Amino acid sequence: CFSSSIKWKFLEHKGPVFAPPYEPLPENVKFYYDGKVMKLSTKAEEVATFFAKMLDHEYTTKEIFRKNFFKDWRKEMTPEEKSTITNLSKCDFTHMSQYFKAQTEARKQMSKEEKQKIKDENERLLKEYGYCVMDNHKERIANFKIEPPGLFRGRGNHPKMGMLKRRIMPEDIIINCSKDSKIPPPPPGHKWKEVRHDNKVTWLVSWTENIQGSIKYIMLNPSSRIKGEKDWQKYETARRLKKCVDKIRNQYREDWKSKEMKVRQRAVALYFIDKLALRAGNEKEEGETADTVGCCSLRVEHIKLHPELDGQEYVVEFDFLGKDSIRYYNKVPVEKRVFKNLQLFMENKQPEDDLFDRLNTSILNKHLQDLMEGLTAKVFRTYNASITLQQQLKELTNRKSSKILSYNRANRAVAILCNHQRAPPKTFEKSMMNLQSKIDAKKEQLADARRELKSAKADAKVRRDEKSKKSVESKKKAVQRIEEQLMKLEVQATDREENKQIALSTSKLNYLDPRISVAWCKKWGIPIEKIYNKTQREKFAWAIDMAEEDFEF
DNA sequence: AATTGGACTTAGAAAAAGCGGA
DNA sequence: TCCGCTTTTTCTAAGTCCAATT
């Protein structure tokens, strides 16, 4: 469709909200160098506060973080400061840190009225800057606030951690809106870098950040038409894959036997992407980011081949860091042909060599494009996630089951497939214990209620009057109620235990066709609110409107 | 063919808000 | 009403993929 690259006809917005200016510390808050009080210039002080605010964080103990921070901090110092402050270990930020902690505490202790005042102000800001008009619709903006300056916190072992993220000024900002809209004015005394009118893109504001030199954008909320349509399209592409996935699977199995090394590598990589839901794995610039990989960028050191392991033949052991430096660890029995191919690919290679040396994401995606229009590596993740949810829901839901537990288990199967992990909550053990003691208490309560019911029954047998009959009835109900409560608690405990290290929200938000969930809710008479919270219902409004009970992914 | 730039989706951590029980 | 925990929202980093450029 040739007009598909035009994203809107009219776009009007108020521009971004800038980070609040730096407020110098009160005189009594001191910074010490080498044991002596030292008054810092405003610029140096601001950067010092970024470090002070992170003092309790593990980051500030890491050598790379400290080195990067110190280097960038020194750039903000006056010549005198620069000549005095030569060693980060001699810097004492503890007083500053205490001051910020006290401030946080004070904020918590604020009166209701003061808290309300802040809330009102935030609401006003949201009302004024949080919305735009795109083609006759008022739409919510996702991130209308410019990222404040601070210290860069990469994930995992990032070579740039601790670097100074500089303050973004109006002069850095490109505004995108339509010509016939009211163009947002820059703050007094400032100018925009540029105002453009590009309706081939969806963003409203952009700037270039100084850590990686990449572009950041202000875009619309997931509830917006433009994001919703794209989301719907994504799932429709995945459904088209469903129709031809068998053919594609047969094809890559054939290609395992190809005479061409390139084709074999492509076929094995695709098998991994399909079977294990691995990401494509673009190349990354060495030294610019954490060392993480996806399928095409796997190295020899990331897999181990076991001709036999724990009674299974041809096992591949994966161990690598993926997106966000989340570890992927899995032992997978594969077909003999795949195993033999992997042995071949690894021949005469060093651990740090690429496993698929004749392959990259662009070669793979070009091939996928030939197999199906619009097919790319990531579509397999979407497809396999959604089809797994649908299958699991069918398998796990029945009349007797706790519906929510069944849903969460189906969701969990997908999260495990996609390797969506989280750090176990700091309070996990404690909260589990609390829940267990609640269950124990409930059990006792149930025993008591049962005893009372029993004696009421006995009493009624003797007395045979209305009053005692009624008493039996009400005791029966009490027992029932407590049984239900106990059941609920036990389900909750199971659910939480199984969820310890697994994050469900990412798959729910990005991989699972919402129409599957909507249809399931309709089929089992579950209110949609039990599955999707307010934000999620807004994002998936298109599916909630559209899907009927009989929807099939 | 390789590289770079740009636009967009996907991701987990952290902060904030909400909530139920003492 | 306050406190401690859970849930939701915010934040922004880190991917994917396409197209322009070399």
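Everything numeric here is computed off the predicted structure, so don't read it as measured data. Naming convention: chains lettered A, B, ... in sequence-line order (proteins, then strands); numbering from 1 in each chain.
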- Examine dA14(B): is either OP1 or OP2 under 4.0 Å from a nitrogen or oxygen in the side chain of H57(A)? Give yes or no. yes
- Task: Indicate whether any N or O donor in one side chain lies under 3.5 Å from an N or O acceptor in the other, for Q392(A) and N411(A).
- Result: no
- Can you pull the salt bridge (charged side-chain N to carboxylate O under 4.0 Å, His left out) pairs that have at least one residue in residues 266-277 of chain A, sequence neighbours excluded? R249(A)-D274(A), D255(A)-R266(A)
- Task: Check whether the ring centres of F69(A) and F51(A) lie less than 6.0 Å apart, and answer yes or no.
- Result: yes
- Message: What's G294(A) touching, base or sugar-phosphate or nothing? Going by heavy atoms closer than 4.0 Å.
- Response: nothing
- Pair H158(A) + F152(A): ring centers closer than 6.0 Å: yes
Collect all protein-nucleotide pairs involving nucleotides 2-5 of chain C in which both atoms are nitrogen or oxygen and the distance is under 3.5 Å.
{"unit_1": "dC5(C)", "atom_1": "OP1", "unit_2": "K430(A)", "atom_2": "NZ", "d": "3.0"}
{"unit_1": "dC5(C)", "atom_1": "OP2", "unit_2": "K430(A)", "atom_2": "NZ", "d": "3.4"}

- Note on the structure: Taken to the nearest whole Å, CE/M54(A) to P/dT12(C) is 12 Å
- Task: Counting Watson-Crick and G-U wobble pairs whose two distances are both under 3.5 Å, find the runs of 3 or more in a row that involve DNA chain B.
- Result: B:1-22 with C:1-22
- Message: Just to be sure I understand the rule, does K165(A) reach a base, reach only the sugar-phosphate, or reach nothing, if contact means heavy atoms closer than 4.0 Å?
- Response: sugar-phosphate
- Item | K284(A) side chain near dG15(C) phosphate (N/O to OP1/OP2, under 4.0 Å) | yes
- Query: What string of B, S and - do you get for nucleotides 2-12 of chain B 5' to 3' if you count protein non-hydrogen atoms under 4.0 Å?
  - Reply: ----SBBSBSB
- Query: Can you check whether T376(A) has a side-chain N or O nearer than 4.0 Å to OP1 or OP2 of dC18(C)?
  - Reply: no
- Item | Q501(A): partners by side-chain hydrogen bond (donor to acceptor under 3.5 Å, both in side chains), with sequence neighbours left out | none
- So, does T60(A) use its side chain to make a donor-acceptor pair with the main chain of L55(A) at under 3.5 Å? yes
- Could you check whether N365(A) gets within reach of a base, just the sugar-phosphate, or nothing at all, counting any heavy atom under 4.0 Å? sugar-phosphate
- For each nucleotide in nucleotides 15-22 of chain B, reading 5' to 3', give B when a protein heavy atom comes within less than 4.0 Å of its base, S when such contact involves only the sugar-phosphate, and - otherwise. ---S----
- Message: For a quick check of understanding: with a heavy-atom distance under 4.0 Å over all strands, which category does P148(A) fall into, base, sugar-phosphate or nothing?
- Response: sugar-phosphate
- Query: Is the phosphate of dC11(C), meaning OP1 or OP2, less than 4.0 Å from a side-chain N or O of N143(A)?
  - Reply: no
- Message: Check this one for me: any side-chain N or O of N282(A) less than 4.0 Å away from OP1 or OP2 of dG15(C)?
- Response: no
